[in-house]
Amino acid sequence: MGAEEIHAANVGTAPKLNGRVTLVDHDPRWPLVFAAEAARVGGALTDLRHTIEHVGSTSVPGLPAKPVIDMLLTVPDPGEEATYVPVLEQLGYTLAIREPDWYQHRVLRRYDLAPGAASANLHVFPAGCEETARMLRFRDWLRAHDDDRDLYARTKRALAERTWEYLQNYADAKTGVVEEILARAAGAGEEAVDPPGADEPGARDAEGPGAER
């Protein structure tokens, strides 16, 4: 994504990184943090049909990641923000990303989440959306295939050593290796998918947009 696209997707000013990406080794607390946060979100949305999944690199044991818990929330229509945003704001979430032309994608963010997790990105997509299926397939493939998980980890660490203007630029730089991994998944009988989109400006990086691009 270019700078113009990144700024257009952000609600407010798009934060710049202007530096390296900080990755940490996988923390066994991350699934527990997700479970607790998913329970809070789910409890607040009892009047709205929804699902919640853990996605992004923190959802894959053995992967280094930014300490950001990526959560995938599906609702009937993310464009109807009044049905879920005010409720989530009461839990400390703030609407950060709005991409109506990309499956009505929204991202809400909460900071100071829990020990071991600096923040949470809550990616919102419509139920039955093609992108949510892609995100989950990518996550599940990495969970089941150590060789591709390790390849992805090496790629992430190498790219994290470089300097990036926006975090989304780092996410976009992973596209080649992600496509390589997904091509193998397709050859093994899995549906070929594009890299899930979960992190920062532009929100198409799921590590921490919808999932990981």
Side-chain angles (χ1 to χ4, degrees), residues 9-12 15 22-61 63-100 102-129 131-136 138-140 142-143 167 196-212:
N10 273 263
V11 177
T22 300
L23 301 178
V24 299
D25 290 336
H26 188 87
D27 191 326
R29 294 176 294 181
W30 288 338
L32 302 177
V33 174
F34 162 75
E37 198 62 19
R40 293 179 72 243
V41 171
L45 296 177
T46 53
D47 294 332
L48 182 67
R49 189 171 70 254
H50 68 278
T51 64
I52 306 174
E53 293 273 359
H54 190 187
V55 295
S57 290
T58 62
S59 71
V60 180
L63 264 185
K66 300 181 301 299
V68 177
I69 306 300
D70 281 297
M71 304 170 63
L72 170 62
L73 171 68
T74 68
V75 299
D77 183 2
E80 295 292 333
E81 295 179 5
T83 63
Y84 63 94
V85 171
V87 174
L88 295 175
E89 287 176 337
Q90 295 179 24
L91 299 181
Y93 284 88
T94 300
L95 183 64
I97 299 290
R98 180 186 286 121
E99 295 184 289
W102 191 57
Y103 303 101
Q104 288 293 331
H105 180 229
R106 287 352 185 231
V107 177
L108 291 92
R109 190 166 292 133
R110 187 166 89 83
Y111 294 94
D112 300 322
L113 195 62
S119 60
N121 287 332
L122 184 62
H123 300 271
V124 187
F125 283 102
C129 168
E131 186 61 20
T132 64
R134 292 171 176 174
M135 292 169 68
L136 296 174
F138 186 70
R139 176 200 69 185
D140 293 346
L142 291 184
R143 284 177 173 177
L167 191 56
D199 231 0
E200 294 292 338
R204 302 251 180 116
D205 168 53
E207 186 169 325
E212 189 138 19

Step by step, work out the side chain to side chain contact (heavy atoms under 4.5 Å, CB included) result for S59 and R143.
CA-CA 8 Å; S59 71; R143 284 177 173 177; 3.8 Å; yes

Without swapping roles, check the side chain of R139 against the backbone of H54 for a donor-acceptor pair under 3.5 Å.
yes

Please round to the nearest 0.5 Å and tell me the distance separating atom CZ of F125 and atom CZ of R134.
10.0 Å

Could you tell me which non-hydrogen atom of T58 sits nearest to which non-hydrogen atom of A65, and how far apart they are?
CG2-CB, 3.9 Å

Run the side chain to side chain donor-acceptor pair (under 3.5 Å) test against H26 and tell me which residues pass, sequence neighbours left out.
none

Could you report the tightest heavy-atom contact between D77 and Y84, atom names first, then the distance?
O-CE2, 4.3 Å

Rounded at 0.5 Å granularity, tell me how far NZ in K66 sits from CG in L167.
5.0 Å

Got V87 and L48 here, is their nearest side-chain heavy-atom distance under 4.5 Å?
no

Taking the side chain as everything from C-beta on, heavy atoms only, tell me whether S119 gets closer than 4.5 Å to V68.
yes

List the residues meeting ring pair (Phe, Tyr, Trp, His ring centres under 6.0 Å) with H50, not counting sequence neighbours, and say none if there are none.
none

Could you tell me whether the side chain of S57 reaches within less than 4.5 Å of the side chain of L142, counting heavy atoms only?
no

Of all heavy-atom pairs between D25 and W30, which one has the smallest distance, and what is that distance?
O-CH2, 3.6 Å

Return the CG to OG1 distance between L72 and T51, rounded to the nearest 0.5 Å.
6.0 Å

Quick check: does any side chain N or O of R40 sit under 3.5 Å from a backbone N or O of L91, one acting as donor and the other as acceptor?
yes

Over all atoms of both residues, closest heavy-atom pair of A120 and M71
CB-SD, 4.5 Å

Within the distance-only criterion (no hydrogens, no angle test), does the side chain of R110 pair as donor or acceptor with the backbone N or O of L108 below 3.5 angstrom?
no

Is the ring pair H105/H123 parallel, tilted or perpendicular, if the boundaries are 30 and 60 degrees?
parallel

Stepwise side chain to side chain contact (heavy atoms under 4.5 Å, CB included) check, R98 with E81
CA-CA 10 Å; R98 180 186 286 121; E81 295 179 5; 2.8 Å; yes

Evaluate the side-chain proximity of I69 to E37: yes if any heavy-atom separation is below 4.5 Å, no if none is.
no

Check: T94 and E89 side chains under 4.5 Å, non-hydrogen atoms
no

At their closest point, which heavy atom of A117 faces which heavy atom of V33, and how far apart are they?
CB-CG1, 4.0 Å

Considering non-hydrogen atoms only, spot the tightest contact between E99 and A9 and give its length.
CG-CB, 3.8 Å

Calculate, to the nearest 0.5 Å, the distance between atoms CZ and OG1 belonging to R49 and T74 respectively.
8.5 Å

Atom CG of L45 and atom OG1 of T83: how far apart are they, to the nearest 0.5 Å?
8.5 Å

Do I52 and V41 have side chains that approach each other closer than 4.5 Å (heavy atoms only, starting at C-beta)?
yes

